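First up is the structure itself, then whatever we jot down about it.
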Amino acid sequence: MHVPDGFINAPTSVATGVVAAGALAVALRKAGDELDEKTAPMAGLVAAFIFATQMLNFPVGAGTSGHLLGGALAAVLVGPWTAILCMSTVLLVQSLLFADGGLTALGTNVTLMGIVTVAVGWGIVKIVTVVGPNSPKTVVAGAGLGALISVPAAAFAFVGLFEFGGTADIRLSTLMAAMVGWHVLIGVGEAVITALTVSSVLAVRPDLVYAARHLLSTRPLEIRTHTKPATS
Amino acid sequence: MGAGHGHRLHYHGHSALHRMPAECKLIALLIFVLAVVATPRTQYWAYGLDALALSVAVACSRVPVSYLAKRMVVETPFVVFAVLLPFIAVGERTQFLGVTVSADGLEAGLSLLAKATLGVAAGLLLAATTEPRDLLAGLEGKLPQQLVQIMAMMIRYLDVTSDQLRRMRIARESRGFVATQPRHWPVLGHAAGALFVRSYERGERVHLAMLSRGYSGSLPGLTPARASTRDWSVAMLLPAAAAASALAAWWAQ
């Protein structure tokens, strides 16, 4: 859900715009370390992937369905800085070409969905992979946990912004309970989808999962041979 | 909430608004929505003036109102929120249409509805009258060059990636599989994973193809249309009207 114009007052919108621009400037520089000169084509294609995946509907039952937000997923797959770039590009394109999310709220949307979800998701994945055993399963679990917490974290950040620069006087506890409670549910869906997607990529191309790169260097090539010859 | 964002918004045309350089439209939209957002919330007539100015712009663009109206659905979740606001906000109570609601929440809900609607309508007008390519050319020089490049690559491969996802769905359905419940999520997860691998590999191929054609980190030739003083003065009419109405609203308050 993209914040539209008029939800957050003008000074707060400008402030989130500055935060978003600053983070993007750092991300542009750091993404070069993750992707070198491949940045534009790779980040562009990953952004197109995130955009398309947001259209993949996951049925919840009773005719309703949800879709992925993708912040934590992008962080696990391509690394945090590239993920911030990709998510921000997706939000920018959605705002300008699809009128989804207000232009004055772009800074807010980038901060919440492009930066908070990626930062929280990546932080948790990093902690889990450092603490947990060295195996692909740890990365999958970390991705799921990161996604689970990244969504309510973004909702929490939204409540903070709304308290500071919101345009209505709502009791903080009411808003917090409603927003965070609802987003915990969304986060559960996000967690399952993210974990499934990451484990699927890990099975086919583990080298493409940024958060699992440390596994590849320690994993020796294992040649599996048939012990039992096929009966003919 | 479950809806995708994949519908194309561009409406082919040759009106003055279609021909206007994208950078003029972008800046005009930005100032317009800023002015709308900065309008004090109880001066409802100011929103009326903004809406009037915007409808003149829509009329000039010759984009059918029904075309834009249908696409206003992206706003739905926030309409729900705006409608709920009078009931959940605190403060003094008031009577509205025979129901006791929060006075503050009512004001906030109405102004939120007005501002969000104006913002979405103005955004739709930009999207309907601007080709993605022109939009990118308009952003050139205003955003970091690398970000514009990423956007260009994304827009270029948006339909390819979306179509790939669609083909994967058709392939699933032609094998008799339609996901209807959470039990089916692993299949969709594999689809998303496969789409990532395919997108990434396509990115690698595209990058190699670009390198072989001499790519060295910058894209040549988005050639933005030069905006003349006349373009700018025409483009600024709408934001000027909104800014005037916002100023008048502040003065009247």
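The model shown is predicted, which means the values in this text are computed figures rather than measured ones. Residue numbers start from 1 in every chain, and the chains themselves are labelled A, B, ... in the order their sequence lines are given, proteins ahead of strands.
- Contacts with chain B were tallied for Ser88(A), Ala10(A), Ala47(A); Ala47(A) has the most, counting heavy-atom pairs under 4.5 Å.
- Put simply, the side chain of Arg205(A) reaches to within 4.5 Å of the side chain of Glu201(B), judged on heavy atoms.
- Residues Pro41(A) and Tyr157(B) are not in side-chain contact: their nearest non-hydrogen atoms beyond the backbone lie 4.5 Å or more apart.
- With rounding to the nearest 0.5 Å, the separation of CG in Leu103(A) from CD1 in Ile31(B) is 11.0 Å.
- Leu96(A) contributes atom CG, which lies 12.0 Å from atom NZ of Lys25(B) (distance to the nearest 0.5 angstrom).
- Note that CG of Asp100(A) and CG of Leu124(B) are 9.5 Å apart. Values are rounded to the nearest 0.5 Å.
- In this structure, Asp5(A) and Leu118(B) have side chains that are not in contact, with every pair of non-hydrogen atoms separated by 4.5 Å or more.
- Evaluation of the ring pair (Phe, Tyr, Trp, His ring centres under 6.0 Å) rule for Phe87(B) yields no partner, not counting sequence neighbours.
- Residue Leu135(B) touches chain A through its side chain alone, counting heavy-atom pairs closer than 4.5 Å.
- Proximity to chain A (any heavy atom under 4.5 Å) is shown, for Ala122(B), by neither the backbone nor the side chain.
- Of the listed residues (Leu147(B), Val33(B), Leu29(B)), the one with the most heavy-atom contacts under 4.5 Å to chain A is Val33(B).
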| Between Phe49(A) and Leu195(B), is a side chain to side chain contact (heavy atoms under 4.5 Å, CB included) present by the stated rule, with each step listed? | CA-CA 7 Å; Phe49(A) 158 75; Leu195(B) 187 68; 3.8 Å; yes
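- Among residues at least two apart or in separate chains, side chain to side chain donor-acceptor pair (under 3.5 Å) pairs with a member in residues 187-199 of chain B are Ser200(A)-His190(B).
- With rounding to the nearest 0.5 angstrom, the CZ atom of Arg166(B) is 14.0 Å from the CG atom of Leu56(A).
- Residue with the most contacts toward chain B among Thr53(A), Leu68(A), Val198(A), Leu208(A): Leu208(A) (heavy-atom pairs, distance under 4.5 Å).
- Of the two parts of Leu139(B), only the side chain, counted from C-beta on, holds a non-hydrogen atom closer than 4.5 Å to a non-hydrogen atom of chain A.
- With a 4.5 Å cut-off on side-chain heavy atoms, Val78(A) and Phe196(B) count as touching.
- In this structure, the portions of Glu204(B) lying under 4.5 Å from any heavy atom of chain A include both its backbone and its side chain.
- Residue Leu143(B) touches chain A through its side chain alone, counting heavy-atom pairs closer than 4.5 Å.
- Here the OG1-CG distance, from Thr197(A) to Leu188(B), works out to 9.0 Å after rounding to the nearest 0.5 Å.
- Rounding to the nearest 0.5 angstrom, the gap separating the CG atom in Leu196(A) from the CH2 atom in Trp185(B) is 8.5 Å.
- Taking Val93(A), Thr174(A), Ile193(A) one by one and counting their heavy-atom pairs under 4.5 Å with chain B, the maximum is reached by Val93(A).
- The candidate with the highest count of non-hydrogen atom pairs below 4.5 Å against chain A, out of Met154(B), Lys115(B), Glu107(B), is Met154(B).
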